[in-house]
Amino acid sequence: MNILLFNTGSSSLKFSVLNSDDASIRASGSADWAGEQTCYCFTTPNTERSEEVDWLGPANAVDRVLRDLREHSSELFSGPDALAAVGHRVVHGGGFREATRITPAVRDKLTELCQLAPLHNPPGLEAIDAATTGLPDLPHVACFDTAFHHTMIPEAQTYPIPHEWTEQWKIRRYGFHGLSHSYCSARANEMLKPRSHPLRLVICHLGHGCSASAVRDGQCVETTMGFTPLEGLMMATRSGSIDPSVPLHLMQQHELTANEIGESLNRRSGMLGVSGISADMRTVLKSAHDGHERAKLAIAMYCHRVRQTIGGFAATLGGIDALVFTAGVGEHSAEVRSTVSSGLEYLGLHLDSVRNLECLADADISPVNSPGRILVIRTREDLSMLRMTIQNVQDCQ
């Protein structure tokens, strides 16, 4: 059967139609409205289109995708090759522990979670609404970025706050990027077979958003993002972890509102805030090479936090068998991988500089004799979503 998958971000939407038998791609594409104009791409075996359009937002993107699929892949709407279900990436799933069929009641619960993931859940719900309107007769399944992290050990999942906050208001660490971490964990296991003991991984998802996870034998033990996607590593526009007294100080002494602080920490901090130049790693790296001091500081801070986290997670796991780099920066920036890996030799992690510069994911960029491996894996969140959607549909039949 064929499954339509929507992966909605804060300023983009990716889609694919995958066959459940062999995961072959029947159609794929994206819409990115982060710039002045929306860039839209649509590809099938017989069609390839890339253009700038005058619309933006998830609803318009979904409508355009469905219109193009009906025009160029009409077999997906009738007959034996017709779509069987639609899977949706949902960033914050709260207490949902697995992929879930989207009903009005589930839709209401997801709305309540928007305040916890303000950059991602609202556009995700907009895409869900457009897709359920356009394809009302198909099952729609929410695939949660938080689900993979429900196996976190209690001491990593719980905040040291008043117990009633944890119990009554469910304030705890949830973790995100779970679709990516789940896929990379499985892929690393494939690449490193055979193993004589459970595989200990530290996975670094370094993209516009950044997170790391400690994984033992395929299960998450700890991760950097927490109650919301704001905690943890320094990111493109998000601050990552800071002293919680900073927002209180800004409210009390400088009269900033909670909304102003939230907007600044989510959209004006991180690489953009420190460098003052851009949220794009490529642009900041170029400026650093040109001697821009704030760009140099931003790169140094970014890599320092990732390296520091790897060391901490190795201690949590009792050692590390492999370090995984994934997502846009992790997959494509040899310089960031090299800077992060420098100094990790004490963990048995050695980087081969030539392999690092020349690598195409999926690749092992360690010397042959390195005790621990450093892997670059092209993340496939769509394959995690495909598996979850198929499982949900089969369970509900």
Shortest non-hydrogen contact from [X] to [Y]?
X	Y	result
A85	V393	CB-CG2, 3.6 Å
A188	V324	CB-CG2, 4.2 Å
S341	L323	OG-CD2, 4.3 Å
L386	N19	CD2-O, 4.1 Å
L66	G134	CD1-CA, 3.9 Å
Y40	A31	CD1-CB, 4.2 Å

I'd like to know if [X] pairs up with [Y] as an ion pair, taking the criterion as any Lys NZ or Arg NE/NH1/NH2 lying under 4.0 Å from an Asp or Glu carboxylate oxygen.
X	Y	result
D63	R67	no
D129	R107	yes
K109	E112	no

[Y] side chain reached by [X] side chain, heavy atoms, under 4.5 Å:
X	Y	answer
L383	L18	yes
I128	V90	yes
E75	R26	yes
H140	L135	yes
L347	I310	yes
M191	I377	yes
T166	Y159	no
I161	I171	yes

State, without any angle test, whether [X] and [Y] hold a side-chain donor-acceptor pair at a distance under 3.5 Å.
X	Y	answer
S211	H181	yes
N392	R101	yes
H205	E381	no
D22	S24	yes

[X] atom [atom1], over 12 foreign heavy atoms within 6.0 Å:
X	atom1	result
E255	CD	no
E98	CD	no
R49	CZ	yes
W165	CH2	no
H289	NE2	yes
R195	CZ	yes
E155	CD	yes

How long is the span from the [atom1] atom in [X] to the [atom2] atom in [Y], to the nearest 0.5 Å?
X	Y	atom1	atom2	value
R89	L13	CZ	CG	10.5 Å
L192	L375	CG	CG	5.0 Å
S245	H249	OG	NE2	10.0 Å
M235	Y302	CE	OH	9.5 Å
L83	S78	CG	OG	10.5 Å
I261	E263	CD1	CD	12.0 Å

Tell me, which pairs form a side-chain hydrogen bond (donor to acceptor under 3.5 Å, both in side chains) where one or both residues lie in residues 305-316, sequence neighbours left out?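 Qualifying pairs, neighbours excluded: E222-T316.
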Taking [X] for its side chain and [Y] for its backbone only, find out whether a donor-acceptor pair lies under 3.5 Å.
X	Y	answer
S50	C41	no
T223	A212	yes
H150	F96	yes
S342	S338	no
S384	L179	yes
S239	S269	no
E331	A327	yes
S278	V284	no
N60	L56	yes
R337	F325	no

Apply the test side chain to side chain contact (heavy atoms under 4.5 Å, CB included) to residues V340 and C204: give CA-CA distance (whole Å), side-chain angles for both, the deciding distance (0.1 Å), then the verdict. CA-CA 10 Å; V340 168; C204 295; 5.8 Å; no
Using side chain to side chain contact (heavy atoms under 4.5 Å, CB included), reason through L206 and M281 one step at a time and then give a plain yes or no. CA-CA 10 Å; L206 307 179; M281 177 63 75; over 6 Å; no
Hey, any chance [X] and [Y] share a hydrophobic cluster, counting ILVMFWY side chains that come within less than 4.5 Å of each other, even indirectly?
X	Y	answer
F6	V141	no
I390	F144	no
V354	I374	no
M152	L230	no
V376	Y183	no

Output, in order, the C-alpha distance, side-chain angles, deciding distance and verdict of side chain to side chain contact (heavy atoms under 4.5 Å, CB included) for E345 and L351. CA-CA 9 Å; E345 293 81 7; L351 185 75; over 6 Å; no
Name the residue from D352, D321, D364 that meets the salt bridge (charged side-chain N to carboxylate O under 4.0 Å, His left out) definition with R373.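 Of D352, D321, D364, salt bridge (charged side-chain N to carboxylate O under 4.0 Å, His left out) with R373 is met by D364 alone.
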Side chain to side chain donor-acceptor pair (under 3.5 Å) assessment of S180 paired with T379: CA-CA 6 Å; S180 175; T379 191; 2.8 Å; yes
Full working for side chain to side chain contact (heavy atoms under 4.5 Å, CB included) between H177 and I203: CA-CA 11 Å; H177 292 147; I203 301 171; over 6 Å; no
Less than 6.0 angstrom separating the ring centers of H120 and F176, yes or no?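 When the ring centroids of H120 and F176 are compared, they turn out to be at least 6.0 Å apart.
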